[in-house]
Amino acid sequence: MIDRAFFGVDVVSLARRLVGITLLVDGVGGVIVETEAYHRYDDAAAHSARGVTPRTRVMFGPPGHLYVYRSYGLHWCMNVVGGTLPGCAVLLRAIQPTHAVGQMHERRGKVTSRLLCAGPGRLTQALGVNISHNGADLSLPPFTWIIPHRATAVIAGPRIGITKDVHHPWRFTLAGSSFVSRRVG
DNA sequence: CCGCTGATAATCT
DNA sequence: GATTATCAGCGGA
């Protein structure tokens with residue numbers, strides 16, 4: 001079981017540290033290869049930027065819980081609530097599939113291996129995450145974390161798909177990975 | 001490889 | 001009524 005304190009560090013540091021860690025949901029998942037930090041303070045792109053609403057309630061709760069929201073009316077996106085201030089979270093954008101890959105392909109339909117979990121909406125579909133997981137404690141089942149012993153090479157760059165505060169270099173990718181939604185640069 | 005477009009609903013103005 | 005932390009499918013180069 002992961003230490004609860006793992007999530008209680010500065011949210012940008014947390015986003016960087018999550019890259020390289022393996023996350024499983026009911027035994028299905030893989031290595032996190034792409035994340036983005038949303039900071040709440042001085043970050044207009046964060047859902048929490050205008051305070052607590054029914055949707056963003058979980059973002060203002062304790063670190064180490066899951067924030068799930070619907071994107072563009074079609075997709076689910078999953079975030080790790082964390083950081084040292086309320087309203088911060090890390091969007092999980094891509095993983096390298098390693099565990100129960102066959103089950104992920106069943107859920108995703110006819111797609112190539114590279115696109116199985118490359119993108120926030122694809123990732124949640126492959127892992128079977130939806131609104132029923134909103135607010136869940138990430139240190140308990142069905143979530144499993146496998147933290148590598150070796151350090152991970154991580155590249156930082158600007159976030160994707162937003163229109164406000166686009167300059168912050170708060171997107172992190174695993175160096176050299178072909179399983180990201182888009183390469184930095 | 002690249003760019004365009006429609007789908008679809010909660011949230012915000 | 002407009003915007004949105006997106007994706008798949010299509011056509012063209």
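Computation of the quantities below employed the complete heavy-atom set of this structure, encompassing side-chain atoms and omitting hydrogens, waters and symmetry-equivalent molecules. Note on naming: letters A, B, ... go to the chains in the order of the sequence lines (proteins, then strands), and numbering restarts at 1 for each one.
- Trp145(A) and Phe6(A) have tilted rings, their planes meeting at an angle from 30° to 60° on a 0 to 90° scale.
- For the atom pair SG (Cys88(A)) and CE (Met59(A)), the distance works out to 7.0 Å, reported to the nearest 0.5 Å.
- Side-chain contact, Glu34(A) with Ser181(A): a donor N or O sits under 3.5 Å from an acceptor N or O.
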Just do the side chain to side chain contact (heavy atoms under 4.5 Å, CB included) check on Leu115(A) and Arg122(A) with the steps written out, would you? CA-CA 8 Å; Leu115(A) 295 178; Arg122(A) 294 164 176 155; 3.8 Å; yes
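- When the P atom of dT6(C) is taken as reference, atom CE of Met78(A) falls 15 Å away, rounded to whole Å.
- Note that CD1 of Ile2(A) is 12.0 Å distant from CZ of Phe143(A), once rounded to the nearest 0.5 Å.
- Ionic pairing of Arg159(A) and Asp165(A) is not present here: no N-O contact between side-chain nitrogen and carboxylate oxygen is shorter than 4.0 angstrom.
- Here the two rings, on Tyr38(A) and His47(A), have centers that are 6.0 Å apart or farther.
- Across residues 153-163 of chain A, Gly161(A), Ile162(A), Thr163(A) each have a non-hydrogen atom less than 4.0 Å from an atom of DNA chain C (numbered order).
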When every nucleotide of nucleotides 8-13 of chain B is labelled 5' to 3' by its protein contacts under 4.0 Å (heavy atoms), B for base, S for sugar-phosphate only, - for none, what sequence of letters results? BB-SSS
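- With a 3.5 Å limit on both pairing distances and Watson-Crick or G-U wobble geometry required, the stems of 3 or more pairs in DNA chain B span B:1-7 with C:6-12, B:9-12 with C:1-4.
- Note: CD (Glu34(A)) to P (dT6(C)) measures 10 Å, nearest angstrom.
- Between the CZ atom of Arg183(A) and the C1' atom of dC1(B) there is a distance of 15 Å, given to the nearest Å.
- Of the options Val31(A), Leu92(A), Ile95(A), Leu18(A), a side chain to side chain contact (heavy atoms under 4.5 Å, CB included) to Leu23(A) is made by Leu92(A) and by none of the others.
- For the pair Ser48(A) and Leu115(A), nearest-nucleotide mapping onto DNA chain C gives the more 5' position to Ser48(A).
- Each of Arg108(A) and Lys164(A) was assigned the nucleotide of DNA chain C with the nearest heavy atom; the assignment lying further toward the 5' end belongs to Lys164(A).
- More than 12 heavy-atom neighbours from other residues, nucleotides or ligands sit within 6.0 angstrom of CZ on Arg107(A).
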